[in-house]
Each structure stands twice: as C-alpha cells, then as structure tokens.
Amino acid sequence: MKDREQPPAAPAPSAELAEAAARLRVLTGQLMRRLRAASEGTDVTLSQASALSRLDREGPATTVALARAERVRPQSMGATLAALEVAGLVERSPHPSDRRQAIMSLTGQGRVRLAEVRREREGWIARALAERLDEREQAVVVEALGLLARLAEEE
C-alpha cells in the first residue's frame, strides 16, 4: 500500500508573529480578568452570559448543541443551564423528536437580564477605550476587531 502524501507543513511563524501571539494570549487573559472584575457582584457569570448570548443570537438549542458551540463539556453546560433555569432566565421544553433531550430557550426575564449584563460589561470597555486611547488609537482598535474576529472563526 502506498503511503499517503502529507500536505506541506505551514511555514513556521516569524519571531515577530510568535511574540505577537504570546502578547495576544497574555492580553486576552488580562482583559478577561478585567471583565470579571468589572462585573463582580452580578448574578450572571461569564459562562452563563455566554450561553444566554448564544441563545439570544442563535435561538433555542439543546444542551449538547450549546456545549459544542461553546466548546465545553455537555456536563458543564448542563450545570450552567440548570443555574440559569433556577434563576428564571432560560426555560426547558420537550425536544420534538427525541424525548431524551430538551430544548433550552431564553425567557423574557433572560432577555432583560442579558441586556443589563451586556450594558455593564460593554460599558467598562467603552469607557476604557474613550478614556485611555486617542481617536487614532480607537480607530486602530476598531479596525483590529475585524481581524481578530477572523482569527476566532471556525475553520
């Protein structure tokens, strides 16, 4: 049997790109910690807010589908959704074709709370951008968002 040809390896990143990757990783962690600190005292965790946001953007989904989309274990998503259900932010309905599963969706209260959480967290970011960066730097950040979004896209 003939060995399958391997696709050519991607070129190694330059030292500059490797350094940029390291800085981006560190900065991402710092920003996440700042976001957590900015929302201390709220009753919605970052993982809960992410699940609420995905339900808001993409509509009702099963626990497994949400876990896959959020790249977490179904058990972790189940715990997240259970807490949101107890808080009245999501509701469970029977799956139309699989009785073992349930469909989770936002409640009206969940939509209101998600809007509040977004205002709190995005407010900190907007204030930091306005207070710490000049107009040119703000424009650079806005332009970079599109590039970062491309990096985050599924392949």
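- The shortest heavy-atom contact between Arg92 and Glu85 is NH2-OE1, 2.7 Å.
- Under the 4.5 Å side-chain criterion, counting only non-hydrogen atoms from C-beta, Gln30 is in contact with Val26.
- The shortest heavy-atom contact between Leu24 and Thr28 is O-OG1, 2.7 Å.
- Inspection of the Ser50 and Glu70 side chains reveals an N or O donor paired with an N or O acceptor under 3.5 Å.
- Dense packing is recorded around CZ of Arg57, with more than 12 heavy atoms of other residues, nucleotides or ligands lying under 6.0 Å away.
- Under the side-chain contact (heavy atoms from CB on, under 4.5 Å) criterion, Leu35 pairs with Met32, Arg121, Trp124, Ile125, sequence neighbours left out.
- Residues Leu129 and Val140 do not share a hydrophobic cluster, defined by chaining ILVMFWY side chains whose heavy atoms lie under 4.5 Å apart.
- Between Asp134 and Arg136, the shortest heavy-atom contact is OD1-N, 3.1 Å.
- Taking Ile, Leu, Val, Met, Phe, Trp and Tyr as members and joining any whose side-chain heavy atoms lie under 4.5 Å apart, directly or through other members, the hydrophobic cluster of Met104 also contains Val44, Leu52, Leu55, Leu66, Val72, Met77, Leu81, Leu84, Leu89, Val90, Leu106, Leu114, Val117.
- Classification of Glu131 and Arg127 as a salt-bridged pair fails, no side-chain N sitting under 4.0 Å from a carboxylate O.
- Within a 6.0 Å sphere centred on CD of Glu143, other residues, nucleotides and ligands contribute 12 heavy atoms or fewer.
- Pairs of residues two or more places apart, or lying in two chains, that qualify as side-chain hydrogen bond (donor to acceptor under 3.5 Å, both in side chains) and include a residue from residues 104-120 are Asp43-Arg113, Ser53-Arg118, Asp56-Arg111, Asp56-Arg118, Arg113-Glu116.
- Here His95 contributes atom NE2 and Thr63 contributes atom OG1; the two are 10.5 Å apart, rounded to the nearest 0.5 Å.
- Between the side chain of Gln138 and the backbone N or O of Glu135 there is no donor-acceptor pair closer than 3.5 Å.
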